[in-house]
Amino acid sequence: MKNKLFLLPLSAAMLLIVSCNGKTPSGSSYIEVSDYVDTSGQTPCSDTIQKLINDNPHSTLHFKNGIYLLNKQIATPGDPDKSVDLKLDNYAVLRASNNYQAKREGEEQDWEEWQDQYLYMVSLGGLDRINDVTKIGSIYGMDGGVVDGNGIAGGVEIAGGRESKVKNVSMKNVEVGLKIAKGVNSGSSDADITNVDIICNETVDSYGIVIDGFDNTITNSRIGHTQHGVKINGGGNMLRNIHPLCNGNISDTDYLKTYGFEINNQNYLDYCYSDNFVTAFSIGEGKRSVFNDCFAWWYNPHNTPHTMIDNNGGDFKSIFTNLSCGFHDNIAEGQHNAVLKNATIPTKEENKGIIYNIAINNRSKLSADDLYKEVIQGADVDY
């Protein structure tokens, strides 16, 4: 009797080992992508990966360490009945081929309202865009791995669905790192992004993060080698611990077009750090956003004035609390570096913007103006 009890679980274990050593069967909830494609980076595999996505709804596609060469975009469904989840090992690389189709064909007026010019390497919810959070499968996304744009391609796009997740992803040599499109819920995307680090390709059109959608949360992101750190056109977004850096081989002429954060709607930023962009925080005319414990720092002079806050005209309505700014010793005095420019002060007190408790390192590098006195309170510098 003891022998029989021993043999039964052993047989079951042997069957399990045999099934795991073979290719993942069709219809399985766990697809080992490396069983179907080349992982040496020599052969394009976009079509095969797309077929695995299309044929296996409610599955997890797992990418082992290796190089997966993409010659075109791969897209997952936004329909909860068809959705899949992408999980990549830490050293699994999705790399754009030299002939990757990086940009959309045709005229802009022919694109969908939520689309832009880029065909991002991974489009989450780019197929069957549906607004439905009631069904199982509404939560899906991408976890881990490296997205290598090869200097020509955009990285990851959240295109449709709601509640999409992107986390623990590293992007290299991308034109645009992360794009959140206008969502299917009246523009609301409701995406959650965390621990995504981005290195762009240093072109004048490079952007770390672009957010056109509403009601998203983005936390813990470092961005480098880019002209534009973060651009937000949608509203109701929360950003925390985002650190874009303007570094690399950016010329003095191109440097004039660099922005740490471009905020064109009402949003909330906490502990965000603009590092060496000519303009740290650019705010759309007439817009009101909230900035808490944010930073701006300049270490490379580039022979041009620097701006902490550009209001782009109209009344200054935003709220900055505990703003810290500073200049390296190599920044020349008298360059007319500004705390706030292109702003007027509204007459109605309830709509008045404020910069409360500002700390400025190397105060001598800054140009003063009577306007600052009306918006800055609790400063530790003498105006």
Side-chain angles (χ1 to χ4, degrees), residues 29-31 33 49-50 52-53 56-64 68 73-94 114 120-147 154-172 174 176-185 187-198 208-223 230 232 234 236-242 267-268 270:
S29 62
Y30 195 87
I31 308 297
V33 176
I49 295 174
Q50 190 63 58
L52 290 173
I53 291 171
N56 295 278
H58 284 195
S59 294
T60 295
L61 271 66
H62 177 245
F63 295 74
K64 291 182 178 179
Y68 301 78
Q73 179 184 84
I74 58 173
T76 68
D79 183 347
D81 290 333
K82 303 176 182 178
S83 67
V84 300
D85 208 41
L86 307 180
K87 292 193 181 299
L88 290 76
D89 287 344
N90 193 56
Y91 303 102
V93 180
L94 304 181
W114 57 273
Y120 297 86
M121 294 174 62
V122 179
S123 179
L124 297 172
L127 304 175
D128 302 305
R129 298 175 79 243
I130 292 178
N131 176 23
D132 190 343
V133 296
T134 63
K135 293 181 178 178
I136 294 173
S138 65
I139 298 179
Y140 59 87
M142 179 175 179
D143 183 359
V146 180
V147 177
V156 177
E157 168 189 53
I158 295 180
R162 292 170 63 189
E163 305 177 331
S164 300
K165 316 289 183 186
V166 178
K167 58 183 179 179
N168 307 322
V169 176
S170 173
M171 302 189 200
K172 307 292 185 186
V174 287
V176 179
L178 175 74
K179 157 74 179 299
I180 304 178
K182 290 182 179 179
V184 290
N185 180 32
S188 180
S189 317
D190 300 295
D192 294 302
I193 314 299
T194 186
N195 299 335
V196 173
D197 293 335
I198 299 166
I209 297 174
V210 176
I211 305 172
D212 289 337
F214 292 72
D215 308 325
N216 305 284
T217 60
I218 302 94
T219 57
N220 301 340
S221 179
R222 276 71 175 167
I223 303 165
V230 177
I232 308 179
N237 299 287
M238 190 283 291
L239 278 68
R240 177 172 288 125
N241 193 24
I242 311 300
N267 295 279
Y268 181 93
D270 180 54

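We're numbering straight along the sequence, starting at 1. No hydrogens, no waters, no symmetry mates; every other heavy atom, side chains included, goes into these values.
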Strictly distance-based, threshold 3.5 Å: is any side-chain N or O of [X] a donor or acceptor partner for the main-chain N or O of [Y]?
| X | Y | value |
| --- | --- | --- |
| Asp197 | Arg222 | yes |
| Asp85 | Gly141 | yes |
| Asn237 | Asn216 | yes |
| Ser221 | Val196 | yes |
| Ser83 | Gly137 | yes |
| Glu163 | Asp190 | no |

Report yes if the side chains of [X] and [Y] come closer than 4.5 Å at any heavy-atom pair, otherwise no.
| X | Y | result |
| --- | --- | --- |
| Ile158 | Ile193 | yes |
| Thr194 | Lys165 | no |
| Ser59 | Tyr30 | no |
| Val147 | Val169 | yes |
| Ile211 | Ile218 | yes |
| Leu127 | Lys82 | no |
| Leu88 | Leu94 | yes |

Original post:
Are Asp212 and Lys179 close enough for a salt bridge, meaning some N to O gap below 4.0 Å?
Top reply: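 Looking at Lys179 together with Asp212, the answer is yes, because their closest N to O distance falls below 4.0 Å.
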If I take atom [atom1] from residue [X] and atom [atom2] from residue [Y], how far apart are they, to the nearest 0.5 angstrom?
| X | Y | atom1 | atom2 | result |
| --- | --- | --- | --- | --- |
| Asn168 | Asp143 | CG | CG | 5.0 Å |
| Leu239 | Ile232 | CG | CD1 | 4.5 Å |
| Phe63 | Ile31 | CZ | CD1 | 11.0 Å |
| Leu86 | Ile53 | CG | CD1 | 5.5 Å |
| Asp132 | Arg162 | CG | CZ | 9.0 Å |
| Leu178 | Ile198 | CG | CD1 | 5.5 Å |

Indicate the atoms forming the closest heavy-atom contact of [X] with [Y], along with that distance.
| X | Y | answer |
| --- | --- | --- |
| Gln73 | Gln50 | O-OE1, 4.1 Å |
| Gly177 | Met171 | O-SD, 3.2 Å |
| Ser123 | Ala159 | OG-CB, 3.5 Å |
| Ala181 | Ser189 | O-OG, 2.8 Å |
| Gly183 | Arg129 | C-NH2, 4.0 Å |

Subject >> Asp192 and Thr217: side chain donor to acceptor below 3.5 Å >> reply: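 The answer is yes; a qualifying pair exists.
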**OP:** Answer yes if the side chains of Asp89 and His62 hold a donor-acceptor pair under 3.5 Å, and no otherwise.
**Re:**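 A pair is found: one side chain offers a donor N or O, the other an acceptor, under 3.5 Å apart.
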Subject >> Flag if over 12 foreign heavy atoms under 6.0 Å of NZ, Lys167 >> reply: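 Not more than 12 within 6.0 Å, no.
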